[in-house]
Amino acid sequence: MNDKNMIDEIIKIKEEKGIKIFAHNYQNYEVQQIADYVGDYLQLIEASKESDCKAIISCGVKSLAETLKTVSDKNIVMPVSEAVCPMNKKINIDELVSFKNMHPQFTIVSSLNSQVELKAISDICVPTSKAVEIIEKLDSENILFVSDMNLGNYISKKVKNKNIMSWTAYCNIHDKVTKQEVINMKEKHPNVPIIVHTQCREDVIKLADYAGSTSQIIEYVKNLKDKKVIIGTETGILHVLRRLNKDKKFDLLSPSLICMDMKKTSLDDVYRCMTDDTGEIIKIDEDIRLKALNSIDNMMKYL
Ligand code: SF4
């Protein structure tokens, strides 16, 4: 079956079965094309609450599917169960529990894109776009931020009067971008703004014209007058930016900005998941889900 016919079939089956497709901003173009919602974790959580669908096909990494299952009583299906965020894999939950027991004065703040087991032992989750704002308002003076240490470092520079420690995990994709790549790009395109993700390293962020989460980058670019923009986050966001800004041209800051786990889901995987039940139905132990939900609910109080 060619892509055109497959897309038509997917649209037909979605309607027949009451399914919605949720895709993260970093998904492949063809998956974004057939998605009902494309966004970051927070936007997809909100969409899952608004949607009256019977089931959601979650196209992203496992922590996205788990997040949607944590907040929703709908069936959540993941087309490719091997798509797991490498940063999440670096976090040893037992070590974190030990830290928590030994340092009860620390509030554990985890990224919304963390795995469900991490959310379950956290006091509160934060989306990248609101991390600074929420952490500033927390009562606790001692914060342990997990998962991305580059983002943790960025937050610690912005939030004054708090002792912020970061757990030593990071996103391989954003961490690989180098200061030299920014310098080279500035030399090649001196008047073009360079926009990077806050999961990049500090020296990269310092040289960039703006740093933000995916949703902040999308909003910032929308308001730019420049007709050409260089983007320093995962390449999938270029599809979103090109769709929303037909008058602008985008280049990627570094060829390393491709997350292979975000790219594991193909159109064919989504189709087979709908027709042959090949996907993974997300199941979470109820005790863990409720604890993780508590961290998300605590976050929601600040939004
Ligand atoms: S881009 Fe980074 S944080 Fe996002 S899924 Fe890939 S490795 Fe994980």
Side-chain angles (χ1 to χ4, degrees), residues 22-29 31-32 35 38-45 58-70 76 78-93 109-119 122 125-131 145-155 166-178 181 195-202 204-205 211-218 231-241 252-266 269 280 282:
F22 283 39
H24 189 269
N25 286 323
Y26 295 164
Q27 284 294 285
N28 287 310
Y29 175 67
V31 173
Q32 292 195 21
V38 178
D40 61 17
Y41 279 60
L42 184 59
Q43 289 165 330
L44 295 177
I45 286 177
S58 173
C59 302
V61 287
K62 189 153 204 167
S63 53
L64 174 63
E66 289 173 346
T67 304
L68 295 174
K69 186 66 198 171
T70 302
I76 309 291
M78 197 183 163
V80 180
S81 53
E82 298 79 30
V84 179
C85 167
M87 179 175 70
N88 291 347
K89 284 190 207 162
K90 289 179 191 150
I91 296 162
N92 183 319
I93 300 295
V109 180
S110 61
S111 289
L112 192 53
N113 66 359
S114 59
Q115 64 271 52
V116 68
E117 294 83 4
L118 172 52
K119 288 191 180 82
S122 301
C125 291
V126 288
T128 307
S129 58
K130 306 272 183 199
F145 180 77
V146 209
S147 329
D148 185 283
M149 63 181 195
N150 288 331
L151 178 59
N153 182 44
Y154 174 83
I155 295 166
S166 298
W167 203 249
T168 55
Y170 57 89
C171 163
N172 293 23
I173 314 308
H174 291 96
D175 188 71
K176 264 195 207 137
V177 180
T178 65
E181 284 176 307
I195 315 296
V196 300
H197 198 281
T198 40
Q199 284 182 318
C200 289
R201 290 190 209 165
E202 187 179 5
V204 168
I205 291 177
S213 68
T214 50
S215 60
Q216 287 171 321
I217 290 174
I218 291 167
I231 297 295
T233 187
E234 211 281 338
T235 181
I237 201 171
L238 295 183
H239 308 309
V240 181
L241 292 170
L252 205 59
L253 173 58
S254 162
S256 61
L257 285 161
I258 299 180
C259 175
M260 296 319 289
D261 282 86
M262 279 288 183
K263 300 290 178 269
K264 277 185 178 154
T265 309
S266 67
D269 293 321
E280 178 186 348
I282 301 297

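Owing to the predicted nature of the structure, the values given are computational and were not obtained by experimental measurement. Just so you know, ligand 1 is whichever comes first in the structure, and atom 1 is the first atom listed for that ligand. Just the heavy atoms: all of them, side chains too, but no hydrogens, waters or symmetry mates, feed the values below.
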Task: Nearest-contact summary for atom 8 (Fe) of ligand 1 - protein heavy atom, Å - done: C85 SG, 2.3 Å
Open item on the list: Among all protein heavy atoms in this structure, tell me which lies nearest to atom 6 (Fe) of ligand 1, with the distance rounded to 0.1 Å.
Closed with: C259 SG, 2.4 Å
Open item on the list: Could you walk me through whether Q115 and I91 satisfy the side chain to side chain contact (heavy atoms under 4.5 Å, CB included) test, starting with their C-alpha distance in whole Å, then the side-chain angles of each, then the deciding distance to 0.1 Å, before giving a yes or no?
Closed with: CA-CA 9 Å; Q115 64 271 52; I91 296 162; 4.0 Å; yes
Open item on the list: As an exercise, state the distance from CG of N172 to OG of S256, rounded to the nearest 0.5 Å.
Closed with: 10.0 Å
Task: Check ion pair E181-K176 (N to O, under 4.0 angstrom) - done: no
Task: Protein contact to atom 4 (Fe) of ligand 1 [nearest heavy atom, distance to 0.1 Å] - done: Y26 CE1, 4.1 Å
Open item on the list: Give me the atom names and distance for the closest heavy-atom approach of Y170 to M149.
Closed with: CD2-CE, 3.8 Å
Task: Top protein contact for atom 7 (S) of ligand 1, by heavy-atom distance - done: P86 CD, 3.4 Å
Open item on the list: Using salt bridge (Lys or Arg N to Asp or Glu O under 4.0 Å), reason through K62 and E280 one step at a time and then give a plain yes or no.
Closed with: CA-CA 10 Å; K62 189 153 204 167; E280 178 186 348; 3.0 Å; yes
Open item on the list: Counting non-hydrogen protein atoms only, what is the nearest one to atom 2 (Fe) of ligand 1? Give residue, atom name and distance.
Closed with: C171 SG, 2.4 Å
